[in-house]
Novice: 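Quick one: the structure is below, questions incoming.
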Amino acid sequence: MKILLTGGAGFIATHTCVELCAAGHDVVIVDNYVNSNPEALRRVEEIVGHPVKAYEADVCDPEAMERIFAENQIDVVVHFAGLKAVGESVQIPLRYYRNNLDSTLTLCETMARHGCKRLVFSSSATVYGEPDEVPLREDMFCKGCTNPYGWTKYMIEKILQGVVNADPEWSVVLLRYFNPIGAHESGRIGEDPNGIPNNLMPYITKVAAGQLKRLTVFGNDYNTPDGTGVRDYIHVVDLANGHVKACDYAMDHVGCEIFNLGTGVGYSVLDLVNTFSRVNEIDLPYMIGPRRAGDVDACYADPKKAREVLGWEARKTLEDMCRDAWHWQKNNPKGYHD
Ligand code: WQD
């Protein structure tokens, strides 16, 4: 298959590109590098051992997208491109709605013009909102999101379901990620957030590297075993392999299907801190601070449907995630800017 990855230089997309190439697929990338670095693609080429065709372009740009589909016979698109910082989306909601929705609409219009009707979409567990119960199942009612970023993911799911309802030739796979962390075992690609990380694992690795003074644990009075927030951390390589299975599924089916990509196991903030310290033999200074607005007590997946329908399940452990995340940070103190 020839597969187009929008936002292909990003954290999850680069790991997905490596696994798609390993599975024998031909990958084409489009990325405007507003939130990523072309060096990441050079690292991917180093890992896969061959060039990967890449276009520097904005998915919102109809002319650029027309050229890509005119020059490449695309079988499946995996749509990663989008702004993704929860906190930032609260500050600049219009930019998030314009960018994330516009890019999706332009992409789908271009795909339809070229008869390419198979799309895997990078959605998020954030669409579930504040869950009444865990584990989360795909058939649960999504109560509403807590931030504009989450609303863009929710709206795009609805847009794509509408496309399938209007044209049953379309195949859409909605992948709801939980908390992707870790890095490729080579240590050559990994998570490279701009500025001070919002997410837990990249913050931990920068504390471990001495770039940040200490971790603040956002609250220890949640209704969880140790009082700190519980999440479903999934190794980014497991997540990438979920996309390989989703592309295969999209080729063989029509209609719209939703899949959770999580391990089904919830770990607390302190579980992650203690595992990271133990596995990497690094003391990690932290303090308990106030809760962060919008955080929920616990969020983890019921991964049954992906296991039974896609034939996929996460295999890597929390130890693997902590070891690989540190291996990337240790070898790339400034990420791709070294
Ligand atoms: C995890 C836990 C925090 C930082 C977000 C998005 C979600 C998805 C994944 C895109 C929570 C705690 C964190 C810190 C802390 N992104 N924490 N100190 O919020 O579960 O999910 O990223 O799809 O959409 O919402 O991930 O890593 O920010 O937080 O104590 O400095 O770590 O309170 O319990 P989150 P996170």
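Indexing begins at 1, ligand by ligand and atom by atom, following the structure's order. Side chains included, hydrogens not; waters and symmetry mates left out as well; all remaining heavy atoms used. Keep in mind that what you see is a predicted model, and the values were worked out from it rather than measured. Along the sequence shown, residues are numbered consecutively beginning with 1.
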Novice: Taking only residues two or more places apart in sequence or in another chain, which ones pass salt bridge (Lys or Arg N to Asp or Glu O under 4.0 Å) with Arg315?
Specialist: none
Novice: Going by an N to O cut-off under 4.0 Å, is there a salt bridge joining Lys117 and Glu169?
Specialist: yes
Novice: By salt bridge (Lys or Arg N to Asp or Glu O under 4.0 Å), which residues pair with Arg137, not counting sequence neighbours?
Specialist: Asp139
Novice: Could you give the N/O to N/O pairs under 3.5 Å linking ligand 1 and the protein, each with its distance?
Specialist:
residue: ligand 1; atom: 18 (N); partner: Thr216; partner atom: O; Å: 2.9
residue: ligand 1; atom: 19 (O); partner: Arg292; partner atom: NH2; Å: 2.9
residue: ligand 1; atom: 20 (O); partner: Asn179; partner atom: ND2; Å: 3.0
residue: ligand 1; atom: 20 (O); partner: Arg231; partner atom: NE; Å: 2.7
residue: ligand 1; atom: 22 (O); partner: Asn199; partner atom: ND2; Å: 3.2
residue: ligand 1; atom: 23 (O); partner: Ser124; partner atom: OG; Å: 3.3
residue: ligand 1; atom: 23 (O); partner: Tyr149; partner atom: OH; Å: 2.6
residue: ligand 1; atom: 24 (O); partner: Ser124; partner atom: OG; Å: 3.4
residue: ligand 1; atom: 26 (O); partner: Asn179; partner atom: ND2; Å: 3.1
residue: ligand 1; atom: 27 (O); partner: Leu200; partner atom: N; Å: 2.8
residue: ligand 1; atom: 28 (O); partner: Asn199; partner atom: ND2; Å: 3.0
residue: ligand 1; atom: 28 (O); partner: Arg292; partner atom: NH1; Å: 3.2
residue: ligand 1; atom: 28 (O); partner: Arg292; partner atom: NH2; Å: 2.9
residue: ligand 1; atom: 29 (O); partner: Arg292; partner atom: NH2; Å: 3.3
residue: ligand 1; atom: 30 (O); partner: Phe218; partner atom: N; Å: 2.9
residue: ligand 1; atom: 33 (O); partner: Asp295; partner atom: OD2; Å: 2.6

Novice: When you measure from the side chain of Trp170 to the backbone of Cys256, do you find a donor-acceptor pair of N or O atoms at a distance under 3.5 Å?
Specialist: no
Novice: Can you confirm if the NZ or CZ of Arg113 lies within 45° of the ring axis of Phe69 and under 6.0 Å from the centre of its six-membered ring?
Specialist: no
Novice: Keeping to residues at least two apart or across chains, list the side chain to side chain donor-acceptor pair (under 3.5 Å) pairs with something in residues 192-203.
Specialist: Asn35-Asn194
